[in-house]
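Here is the structure we will look at.
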There are 2 protein chains.
Amino acid sequence: MRKDIHNSNIPVRCMSCEIRHKGVCGALSAEELLMLSAHTRLVNYQSGDELAGEKMPAESYATVIRGVVKLTKRLEDGRQQIVGLQFAPDLLGRLNANENAVSVEAASDVNLCRIPKAALERMVKSNTALAERLMAQALRELDEARDWMVTLGRKTAAEKVASFLLLIATHLDPETVGEKRRFELPLSRADIADFLGLTVETVSRQLSKLRTDGVISIVANRHIEVPKLSKLKACCGS
Amino acid sequence: MRKDIHNSNIPVRCMSCEIRHKGVCGALSAEELLMLSAHTRLVNYQSGDELAGEKMPAESYATVIRGVVKLTKRLEDGRQQIVGLQFAPDLLGRLNANENAVSVEAASDVNLCRIPKAALERMVKSNTALAERLMAQALRELDEARDWMVTLGRKTAAEKVASFLLLIATHLDPETVGEKRRFELPLSRADIADFLGLTVETVSRQLSKLRTDGVISIVANRHIEVPKLSKLKACCGS
DNA sequence: CGCCGGTTTGATACTAATCAAGTTAAGTGG
DNA sequence: CCACTTAACTTGATTAGTATCAAACCGGCG
């Protein structure tokens with residue numbers, strides 16, 4: 001048995017996925033953590049899999065261990081918009097799920113650590129620290145949504161694409177050498193377009209433009225290198 | 001003394017503003033409500049007043065009693081985007097305010113019921129029902145932000161303006177006769193443009209177009225009449 | 001090798017921004 | 001009450017940016 005789980009003052013990890021669930025495990029005592037671990041299970045999905053639909057609320061929560069999960073909303077005529085991206089170690093699912101939900105899909109291959117709805121909700125009731133963590137996560141998602149509203153409403157296509165690259169570069173712990181960053185895009189061009197409110201063609205053109213401007217180099221389709229992060233930041237319009 | 005505050009099972013109201021604070025008063029016992037009332041104070045602001053800046057976090061919470069409050073974010077070069085509108089009886093302010101805030105301004109003349117930060121935070125600690133209400137409000141704001149992301153990213157100018165009118169018609173309890181609605185716009189054309197990610201001219205043109213199409217009539221600058229709500233809904237693209 | 005999805009590039013169309021008047025509404029002071 | 005000022009709004013002409021339509025390219029895989 002791991003030694004550290006007997007002391008709730010030092011970082012503790014979920015037994016099944018060996019990750020410290022952001023906003024979850026950190027608020028749990030060693031005892032609660034053991035209880036939680038008894039219920040959690042590692043699950044894998046492939047890119048494109050639907051984890052929960054707009055009309056099909058999830059029957060469990062989950063933390064993202066690896067990969068990227070996209071939250072999408074659709075208009076009747078098929079137009080769609082990605083309204084959120086979840087990276088490790090974000091928590092998926094919401095307390096008191098309501099009608100106005102989003103469709104949850106794996107944007108890349110993902111590993112999740114599933115937590116049954118009942119188990120988490122029971123712990124929330126008796127653990128105010130955990131409730132606070134979940135509140136903090138909700139507020140952080142709200143901030144992210146509002147930041148993205150500015151991008152959607154007021155930035156040009158070039159700024160949008162640069163902002164997206166910066167988002168990925170800062171959320172996917174890329175290979176780092178000084179100001180240089182190197183990473184794999186977890187999203188297809190079509191998904192990037194749906195995230196930015198653009199078309200695939202425009203996304204492609206703006207990536208090409210960033211390349212010819214020397215801001216990035218496209219090593220392979222999904223493999224991007226940013227020679228100077230500050231130069232990319234300067235393209236984001238804020 | 002009001003009779004109903006002695007029974008926490010029936011709707012109770014804040015003593016200073018006589019309104020049932022959504023998500024706040026409803027979760028309080030009569031005793032707590034009295035305590036809260038001792039600290040609250042009614043305050044008024046004029047259209048355009050800044051209630052809290054991006055760098056100036058508010059030292060108190062407040063419920064909107066009357067009027068509309070706008071939450072704005074700005075880019076360095078002056079472009080701005082309204083990322084949220086708060087109507088009565090929304091709660092302004094957030095637990096554990098963080099750096100990534102928005103600027104809070106009165107969009108119209110407003111009345112607020114102020115609640116000192118310390119008082120509310122103290123009550124949240126000892127009242128899980130209140131904490132749940134605040135969580136619910138955060139999740140509702142998140143849903144609204146995500147809905148608006150679809151509007152910003154994927155709707156046409158005409159659909160955006162129609163969606164805005166519908167939002168106002170459904171949040172400002174307009175004069176209602178069957179399918180007919182009549183209301184005052186709480187925002188200037190410039191604010192509407194900042195909310196929709198458009199220019200003032202485009203907003204004006206689309207309003208004119210809705211008028212010539214018979215979807216609305218513009219009784220006066222800010223005074224709008226919608227003869228058939230379902231017709232307006234059909235213009236919203238979803 | 002040839003197919004196929006994802007991507008890039010090119011030509012053109014169209015939507016909304018920009019630039020520029022003009023109009024209405026609301027004050028303000030004589 | 002009216003002339004004057006100013007801000008908010010509307011309308012028009014033109015331009016710029018992005019979407020749309022179309023074709024070519026590329027990499028992976030049977």
Side-chain angles (χ1 to χ4, degrees), chain A residues 46-48 70 75 77-81 105-109 151-165 184-213 216-224 235 237, chain B residues 46-48 70 75 77-81 107-109 151-165 184-213 216-224 235 237:
Chain A
Q46 290 188 306
S47 174
K70 58 179 178 178
L75 296 178
D77 63 5
R79 282 176 286 179
Q80 61 177 39
Q81 174 70 44
E105 287 171 44
S108 64
D109 292 351
T151 301
L152 288 173
R154 290 304 186 191
K155 289 191 185 177
T156 65
E159 291 168 338
K160 285 180 178 180
V161 171
S163 301
F164 170 75
L165 292 177
E184 290 285 320
L185 289 179
L187 269 62
S188 69
R189 301 292 191 267
D191 278 342
I192 298 174
D194 280 342
F195 190 46
L196 297 174
L198 299 171
T199 58
V200 210
E201 294 94 326
T202 300
V203 170
S204 180
R205 273 186 250 274
Q206 296 302 335
L207 283 172
S208 299
K209 186 162 181 302
L210 285 172
R211 177 169 46 72
T212 58
D213 290 352
I216 64 173
S217 51
I218 304 177
V219 180
N221 246 340
R222 299 267 190 121
H223 191 160
I224 304 289
C235 298
Chain B
Q46 289 189 307
S47 175
K70 58 180 178 176
L75 297 178
D77 62 5
R79 283 176 285 180
Q80 62 176 40
Q81 174 71 43
S108 63
D109 292 352
T151 301
L152 287 173
R154 290 302 186 195
K155 290 192 185 175
T156 64
E159 290 168 339
K160 285 179 178 181
V161 171
S163 301
F164 170 75
L165 291 177
E184 290 284 319
L185 290 179
L187 269 61
S188 69
R189 302 291 191 268
D191 279 342
I192 298 173
D194 280 342
F195 189 47
L196 297 172
L198 299 171
T199 58
V200 209
E201 294 95 324
T202 300
V203 170
S204 179
R205 272 186 250 275
Q206 296 301 334
L207 283 172
S208 299
K209 186 165 179 305
L210 285 171
R211 177 169 46 74
T212 58
D213 291 352
I216 62 172
S217 50
I218 305 178
V219 180
N221 248 340
R222 299 265 190 122
H223 192 161
I224 304 289
C235 298

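In this text the structure is predicted, and so the values were computed from the model without any measurement. Just so we're on the same page: letters track the sequence lines, and every chain starts at 1.
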Identify, with sequence neighbours excluded, every residue that meets side chain to side chain donor-acceptor pair (under 3.5 Å) alongside B:Ser47. none
Taking distance alone, no hydrogens or angles, what donor-acceptor pairs closer than 3.5 Å link side-chain atoms of residues 197-205 of chain A to residues at least two apart or in another chain?
unit_1: A:Thr199; atom_1: OG1; unit_2: A:Thr202; atom_2: N; d: 3.3
unit_1: A:Thr199; atom_1: OG1; unit_2: A:Thr202; atom_2: OG1; d: 3.0

Spacing of [X] atom [atom1] relative to [N] atom [atom2], expressed in whole Å:
X: B:Asp194; N: C:dA16; atom1: CG; atom2: P; answer: 17 Å
X: A:Lys209; N: D:dT18; atom1: NZ; atom2: C1'; answer: 14 Å
X: B:His223; N: C:dA25; atom1: NE2; atom2: C1'; answer: 16 Å
X: B:Leu196; N: C:dT15; atom1: CG; atom2: P; answer: 18 Å
X: B:Asp191; N: D:dC9; atom1: CG; atom2: C1'; answer: 14 Å

Sorted by number, residues from residues 152-165 of chain B placing a heavy atom under 4.0 Å from DNA chain C are B:Thr156, B:Ala157
Taking every non-hydrogen atom, the tightest pair across B:Leu210 and B:Cys235: CD2-SG, 4.2 Å
How far does CD of A:Gln206 sit from CD1 of A:Ile192, to the nearest 0.5 angstrom? 12.5 Å
With side chains defined as the heavy atoms from C-beta onward, is the minimum distance between [X] and [Y] less than 4.5 Å?
X: B:Ile224; Y: B:Ile218; value: yes
X: A:Leu187; Y: A:Lys70; value: no
X: A:Leu207; Y: A:Leu165; value: yes
X: B:Ser188; Y: B:Arg222; value: yes
X: B:Gln81; Y: A:Thr151; value: no

Identify, with sequence neighbours excluded, every residue that meets salt bridge (charged side-chain N to carboxylate O under 4.0 Å, His left out) alongside A:Lys155. none
Check nucleotides 4-10 of chain C against the protein and report each pair of N or O atoms closer than 3.5 Å, with its distance, or say if there are none.
unit_1: C:dT7; atom_1: OP2; unit_2: A:Arg189; atom_2: N; d: 3.1
unit_1: C:dT7; atom_1: O3'; unit_2: A:Asn221; atom_2: OD1; d: 3.3
unit_1: C:dT8; atom_1: OP1; unit_2: A:Arg189; atom_2: NH2; d: 3.0
unit_1: C:dT8; atom_1: OP2; unit_2: A:Arg189; atom_2: NE; d: 2.8
unit_1: C:dT8; atom_1: OP2; unit_2: A:Ser204; atom_2: OG; d: 2.8
unit_1: C:dT8; atom_1: O5'; unit_2: A:Ser204; atom_2: OG; d: 3.0
unit_1: C:dT9; atom_1: OP2; unit_2: A:Ser208; atom_2: OG; d: 2.5
unit_1: C:dG10; atom_1: N7; unit_2: A:Arg205; atom_2: NH1; d: 2.9
unit_1: C:dG10; atom_1: O6; unit_2: A:Arg205; atom_2: NH2; d: 3.2

Flag, side chain of B:Arg154 to backbone of A:Arg79, donor-acceptor distance under 3.5 Å: no
Taking the axis from the first five pairs and the axis from the last five, what angle separates them in the helix from C:dC1-D:dG30 to C:dG30-D:dC1, rounded to 10 degrees? 30°
